[in-house]
Each structure stands twice: as structure tokens, then as C-alpha cells.
There are 2 protein chains.
Amino acid sequence: MKKVTKKELSACPDCACFNIRKASRVITQVYEEAMSDTGLRGTQFTVLVVVAIHESIIITSLAEKLVMDRTTLTRNLKPLEKQKLIEIIPGADRRTRAVRLTAAGHEMLVIALPLWKKAQQKVAKFMGSERLDNLIGELRALEKIAVLP
Amino acid sequence: MKKVTKKELSACPDCACFNIRKASRVITQVYEEAMSDTGLRGTQFTVLVVVAIHESIIITSLAEKLVMDRTTLTRNLKPLEKQKLIEIIPGADRRTRAVRLTAAGHEMLVIALPLWKKAQQKVAKFMGSERLDNLIGELRALEKIAVLP
DNA sequence: TTACTAAAGGTGTATATACACTTAAAATCA
DNA sequence: TGATTTTAAGTGTATATACACCTTTAGTAA
């Protein structure tokens with residue numbers, strides 16, 4: 001029976017996928033802890049913000065802005081809709097559906113935004129602003145790999 | 001009714017949580033596409049590797065190595081167990097349970113490791129090795145924020 | 001030794017994620 | 001115009017994630 005050697009395995013802890021998912025778990029907890037009074041999850045906050053920026057945006061476009069699979073977004077919208085923070089309205093033609101914030105959604109952002117800012121500042125303080133900015137820039141560069149064949 | 005201004009929202013796309021989760025989605029797809037012949041998910045590959053490195057490791061320790069909530073790991077072990085890639089054996093005392101690879105688990109790593117390496121090289125080529133190493137280092141530094149109060 | 005505390009683990013519940021597949025409507029082509 | 005293709009969206013299924021809560025067992029203190 002074949003077995004991989006310890007030596008071969010030794011490179012795996014430097015896996016980009018492992019390290020980014022790991023950091024993602026940790027950072028998500030930092031932000032969700034900061035926003036725990038609102039009950040908003042990290043992803044939910046992001047969705048609300050992008051919807052707020054666009055006033056009204058169709059689902060496929062929103063998914064593109066979020067770099068998120070469209071079917072994932074469909075599911076992610078559900079809890080926000082249940083909480084009546086967003087509403088789904090008819091789009092330009094009969095195929096499309098658009099998302100927009102409700103009044104409650106706007107109010108939620110008023111509460112959540114300072115809490116988010118606190119989390120962002122905590123992270124910036126921990127890493128240093130410049131290092132954090134650079135890290136985010138590198139993540140943006142990395143994600144461009146998505147379009148490659 | 002209060003509303004946040006566009007100006008206030010303009011900082012949010014620089015959210016560390018958003019950007020790291022976004023990059024995490026993209027990179028996960030790169031690795032899973034590369035390993036699609038095996039049917040292994042990114043997380044599953046990582047679990048197999050860490051278990052292989054430790055021969056046998058109790059669940060709580062494994063969760064710590066993975067920087068993953070223990071209850072998440074419990075769930076993540078299920079599909080690996082169902083595929084008989086790992087087995088759960090009694091630990092040192094009656095509270096503990098340990099994870100170890102089966103023969104099939106070892107064989108799977110023999111197949112998956114070169115596929116993983118190809119993905120890792122693709123990412124390294126895209127970003128540049130040095131930049132990628134630096135990025136991973138920064139992610140490791142960032143995740144240290146977990147222990148803070 | 002008994003009672004309390006700490007450690008290890010699992011379950012209920014809810015959200016996040018995406019692939020394969022399906023349906024419906026719009027756009028384009030022959 | 002009618003047929004084909006493209007676009008938008010939802011569902012089924014499976015995995016990933018973690019909090020709150022519970023049970024069992026081990027360790028420790030009174």
C-alpha cells in the first residue's frame with residue numbers, strides 16, 4: 001500500500017486554501033462578535049451595504065459585486081428577507097428580480113455601521129493600517145485568479 | 001427615518017471580513033477544481049493531511065491545529081468517515097476519541113497530493129512565489145488576533 | 001469519599017457555500 | 001415568424017461553519 005511521506009506532507013501547511021480559509025474563520029468571528037448586538041452575520045452586513053450603495057440591484061449583478069455564486073446569494077437573501085431588512089421587487093423585465101433595503105434595513109445599517117467600524121479599527125490596530133491595507137490589496141489581486149481557465 | 005450616507009458606506013468595501021471571505025471563496029474553487037477528480041473538498045484535503053502528519057490525533061487537538069471550532073470539525077469528519085478515508089478510534093481515556101487515516105485515506109492522499117501541488121503552483125505562478133509566501137505570512141499574522149479579548 | 005470543577009465530545013439550530021439541474025423569459029437567428 | 005440560444009432565477013443536494021446547550025468522564029478540593 002502506497003503512503004505519502006512526511007516530507008511530502010510538510011509543504012501542505014503552506015496551502016493557500018487552508019491558510020485563507022483559516023484566517024477567514026478567525027476574522028469572521030471578530031466582526032460578528034463586534035456586531036453581535038445586531039445579530040447580523042458578516043456576510044449579511046456586506047449584502048446590506050452593497051444593496052444600500054446601489055439603491056436597487058438585480059440578483060445576478062449583486063452576486064457579481066459580491067464575487068459570490070448566484071445560488072449562494074439567493075440563499076443568503078432569505079434570512080435578510082425574513083427579518084424584513086430587504087425586499088425583493090420586480091426587475092426591468094419579467095426574468096429579473098431586484099433587491100432593495102427596507103426602512104428597517106436602513107435603520108439596521110445605522111446601528112451596524114459604527115460596530116463594523118470598531119471591528120475594522122481593531123483589526124487595523126492589530127496589524128497596523130498600512131499592513132492591513134496591503135493585505136487587502138493582495139487579497140484583491142489574488143481573487144483575480146478566478147477568471148483564469 | 002435615519003439613513004447612512006453614501007460617504008459613510010464608501011469605506012465598507014475595504015472591510016477585512018468581506019475581502020478575506022471573498023478571496024476565500026475564489027481560492028477554494030481553484031483548489032477544488034484542481035482536485036475534482038478525487039471529489040475531495042479543500043477542507044477535507046486539509047483534514048486528511050493534518051491527520052496523516054499526526055498518525056493519530058484526538059478531536060479537540062485536531063480542531064486546534066486546524067483553527068476550527070470543535071463542533072465544526074465533528075461535522076466535517078462525517079463525510080470523510082462515510083467515505084472510509086478516516087476512522088475514529090478510542091482515545092487515551094474514555095472521554096477522548098482519536099482520528100486516524102484508513103488505508104483508503106492514505107491512498108487518497110497519494111492521488112490528491114500531486115493535484116493539490118498543481119493548484120498551489122498555479123496560484124504561486126499567478127501571484128509570484130514571493131508575493132504568495134508573504135501573503136500567507138500576513139494571513140498567519142492576522143489570525144493571531146483570535147486570542148485577543 | 002463526596003461534591004465541585006474542568007475537560008472532551010455530541011446535538012439542535014441557523015447560516016454560508018456552490019454544483020448540477022430545471023424553468024421561464026428575452027434576444028437572436030434563419 | 002418560428003426555432004434556437006442566451007439570460008435570469010430557483011431547487012435539490014451536500015458540505016462548511018459556529019453558537020448554545022447537554023452528557024459523560026476525569027481531576028480536584030473539602
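Order of the sequence lines fixes the chain letters, A, B, ..., with proteins taken first and strands second; residue numbering starts at 1 for each chain.
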Q: Figure out the CG/P separation between B:N76 and C:dT15, and round it to whole Å.
A: 19 Å
Q: Tell whether B:R95 reaches the base of C:dG9 with its side chain through a donor-acceptor pair below 3.5 angstrom.
A: no
Q) Taking only side-chain nitrogens and oxygens of B:R41, does any of them come within less than 4.0 Å of OP1 or OP2 of D:dT15? A) no
**Q.** Distance, rounded to the nearest Å, where B:I58 contributes CD1 and C:dG9 contributes P
**A.** 5 Å
Q) Rounded to the Å, how far apart are B:R21 CZ and C:dT15 P? A) 14 Å
**Q.** Atom-to-atom span, CG of A:L77 to C1' of C:dT15 - whole angstrom
**A.** 13 Å
Q. When the distance from CG of B:L40 to C1' of C:dA18 is rounded to whole Å, what number comes out?
A. 17 Å
**Q.** Rounded interatomic separation in angstrom, taking CD from B:E33 and C1' from C:dA18
**A.** 14 Å
Q) Whole-Å distance between D:dA14 C1' and B:E32 CD? A) 12 Å
Q. Does atom NZ of A:K6 have more than 12 heavy-atom neighbours, drawn from other residues, nucleotides or ligands, at distances under 6.0 Å?
A. yes
Q | A:K78 or B:T43, whichever maps to the more 5' nucleotide of DNA chain D | A | A:K78
(Q) Less than 4.0 angstrom between a side-chain N/O of A:T74 and OP1 or OP2 of D:dG10, yes or no? (A) yes
Q: Remember a base hit wins even if backbone is also touched, and classify B:T72 as base, sugar-phosphate or nothing at under 4.0 Å, heavy atoms.
A: base
Q) Nearest to the side chain of A:P79, which nucleotide is it out of C:dA26, C:dA16, D:dA9? A) C:dA16
Q) Can you tell me how far P of C:dA14 sits from CD of A:Q83, to the nearest Å? A) 12 Å
Q.
What's A:Q29 touching, base or sugar-phosphate or nothing? Going by heavy atoms closer than 4.0 Å.
A. sugar-phosphate
(Q) Considering every strand and a 4.0 Å limit on heavy-atom distances, what is the contact class for A:R70: base, sugar-phosphate, or nothing? (A) base
Q. For B:T96, which contact category applies under a 4.0 Å heavy-atom criterion: base, sugar-phosphate, or nothing?
A. sugar-phosphate
Q.
What contact category does B:T71 fall into here, base, sugar-phosphate, or nothing, at under 4.0 angstrom with non-hydrogen atoms?
A. base
Q.
With hydrogens left out and only the distance checked, is there a donor-acceptor pair under 3.5 Å joining B:R75's side chain and the base of C:dG12?
A. yes
Q.
With a 3.5 Å cut-off and heavy atoms only, can you find an N or O donor on one side and an acceptor on the other between the side chain of B:R94 and the base of D:dT25?
A. no
